[in-house]
Amino acid sequence: MTSTGSNDRGWLRAMPAEAGSDALLSRAGHRVLAARRLSDLVQGRPPGVTGSQWTSASRASFDFVVYAADTGRPVVAVQIGPVPSAGSAEQRLERLKDAVSAAVDLPVLRIGSPTLNAAEHGLRLVEYVIDARAYAAGGSTAAGTEPAPVGFRDILGRLPDGRTGPVNDLGALTRAAAVEAYVAGQVADPIVRGLHVRWVDGPAQGWSWVQVRPDACLIEQVSVTEHRFSCGIDAARLAEDLAAVAVGERLRDNSVADLPSRAEWTAQIAALSQRRHELVGGFAFDHLCAD
């Protein structure tokens, strides 16, 4: 899981000496630390960043930072939580963090979700990305010999409900829970559906939903933004799987009030399909546009 950036200028701080005892996770040659401020990661104000920008951004934090255990270099800073509203102070601060991170070539992974958070879901996500990147790095084969192995997301194995399926589908537990909820009469349909897109010059986004009542859908949306970084799997599919995780959280908490109707949601999907020219690879979910 090597960073795609360069640290030749020495702007990024190495992993602190106490990382061995403070690490939340040690895995595949990486150590994960929590709640690191930008000033903990960057040595001084980098070129192109004004004094006022640095003053504000340096106090801001990332939820996790993944370091290479051998070199001590930061591999990626991770942030998980709600997407700031347009024009808000939170959005301005996020842009400052992005500007400083870009100036020092610090890779950043940002997960936007109103339901998922670092405390409950962050460490599992970081572990998943470390594993996905390690698998992708070791999965190439010589040209003309064996075919490329199956992707990390599509490795088959035994699922929690006993069926055979993709063991690295983060939404597998939600899919099993939806079936149980259907049997118990708590939802109108046992199938967790989803779609995903990647915006040109923008984030990947995924949606997941389940039909709770005949005319009401529980919907979750997650965005995945990779700055100078790759998750090791398609970010849009990861966003959809994380949206399924969020649906599972809502089902578990019985947070099913004020839900949009199926017709409203279908109209939103149709509106998204009309923006296919803004999407990388177009829109592959036209079959969902008919209610």
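None of the values given here were measured: they were computed from a predicted structure.
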For [Y], does its backbone N or O pair with a side-chain atom of [X] as donor and acceptor, under 3.5 Å?
{"X": "Arg45", "Y": "Val49", "result": "yes"}
{"X": "Glu226", "Y": "Cys231", "result": "yes"}
{"X": "Arg250", "Y": "Val256", "result": "no"}
{"X": "Arg133", "Y": "Ser230", "result": "yes"}
{"X": "Gln221", "Y": "Gln205", "result": "no"}
{"X": "Thr174", "Y": "Ala244", "result": "yes"}
{"X": "Glu120", "Y": "Asn117", "result": "no"}
{"X": "Gln211", "Y": "Pro214", "result": "yes"}
{"X": "Ser208", "Y": "Arg193", "result": "yes"}
{"X": "Tyr128", "Y": "Asn168", "result": "yes"}

Under the side-chain contact (heavy atoms from CB on, under 4.5 Å) criterion, do Ser113 and Leu242 qualify, and how do the steps go? CA-CA 9 Å; Ser113 167; Leu242 288 172; over 6 Å; no
Where is the tightest heavy-atom contact between [X] and [Y], given as atom of each residue plus distance?
{"X": "Ala57", "Y": "Leu93", "result": "CA-CD1, 4.3 Å"}
{"X": "Gln79", "Y": "Ser61", "result": "OE1-O, 4.0 Å"}
{"X": "Val245", "Y": "His121", "result": "CG1-CD2, 4.4 Å"}
{"X": "Val200", "Y": "Leu279", "result": "CG2-C, 3.9 Å"}
{"X": "Arg198", "Y": "Ala235", "result": "NH2-CB, 3.3 Å"}
{"X": "Ile130", "Y": "Ala28", "result": "CG2-CB, 3.9 Å"}

Identify whether the distance between the nearest side-chain nitrogen and carboxylate oxygen of [X] and [Y] falls below 4.0 Å.
{"X": "Glu94", "Y": "Lys97", "answer": "no"}
{"X": "Asp241", "Y": "Arg175", "answer": "yes"}
{"X": "Asp286", "Y": "Arg276", "answer": "yes"}

Flag yes if [X] and [Y] sit in one hydrophobic cluster, no otherwise; membership is Ile, Leu, Val, Met, Phe, Trp, Tyr, and two members link when side-chain heavy atoms are under 4.5 Å apart.
{"X": "Leu170", "Y": "Val222", "result": "yes"}
{"X": "Val108", "Y": "Val65", "result": "yes"}
{"X": "Val210", "Y": "Leu288", "result": "no"}
{"X": "Val247", "Y": "Ile269", "result": "no"}
{"X": "Trp11", "Y": "Leu106", "result": "yes"}

Are [X] and [Y] side-chain neighbours, meaning at least one heavy-atom pair lies under 4.5 Å?
{"X": "Asp63", "Y": "Val78", "value": "no"}
{"X": "Pro260", "Y": "Trp209", "value": "no"}
{"X": "Pro74", "Y": "Phe62", "value": "no"}
{"X": "Arg124", "Y": "Glu127", "value": "yes"}
{"X": "Phe285", "Y": "His196", "value": "yes"}
{"X": "Trp54", "Y": "Val42", "value": "yes"}
{"X": "Leu96", "Y": "Val100", "value": "no"}
{"X": "Val224", "Y": "Leu109", "value": "yes"}

Please step through side-chain contact (heavy atoms from CB on, under 4.5 Å) for the pair Arg228 and Asp105, ending with a clear verdict. CA-CA 7 Å; Arg228 301 164 298 281; Asp105 214 8; 3.1 Å; yes
What distance separates [X] [atom1] from [Y] [atom2], expressed to the nearest 0.5 Å?
{"X": "Arg262", "Y": "Ile219", "atom1": "CZ", "atom2": "CD1", "answer": "11.5 Å"}
{"X": "His30", "Y": "Met15", "atom1": "NE2", "atom2": "CE", "answer": "10.5 Å"}
{"X": "Glu220", "Y": "Trp207", "atom1": "CD", "atom2": "CH2", "answer": "12.5 Å"}
{"X": "Asp169", "Y": "Leu238", "atom1": "CG", "atom2": "CG", "answer": "10.5 Å"}
{"X": "Cys289", "Y": "Phe283", "atom1": "SG", "atom2": "CZ", "answer": "5.0 Å"}
{"X": "Gln43", "Y": "Leu12", "atom1": "CD", "atom2": "CG", "answer": "8.0 Å"}

What's the verdict on side-chain contact (heavy atoms from CB on, under 4.5 Å) for Val150 and Tyr135, showing C-alpha distance, side-chain angles and the deciding distance? CA-CA 10 Å; Val150 64; Tyr135 181 86; 3.9 Å; yes
Considering residues at least two apart in sequence or located in another chain, which fulfil the side chain to side chain contact (heavy atoms under 4.5 Å, CB included) criterion with Tyr182?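 Side chain to side chain contact (heavy atoms under 4.5 Å, CB included) list for Tyr182, sorted by chain: Val187, Pro190.
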Give the C-alpha distance, both sets of side-chain angles, the deciding distance and a yes or no for salt bridge (charged side-chain N to carboxylate O under 4.0 Å, His left out) between Arg237 and Asp154. CA-CA 11 Å; Arg237 290 191 72 190; Asp154 298 316; 3.1 Å; yes
How about Thr115 and Glu249: does a side-chain donor come under 3.5 Å of a side-chain acceptor?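 Note: Thr115 and Glu249 side chains miss the donor-acceptor criterion.
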Could you go through Leu25 and Phe64, starting from their C-alpha distance and side-chain angles, then the distance that decides it, and tell me whether this counts as side-chain contact (heavy atoms from CB on, under 4.5 Å)? CA-CA 10 Å; Leu25 175 70; Phe64 302 96; over 6 Å; no
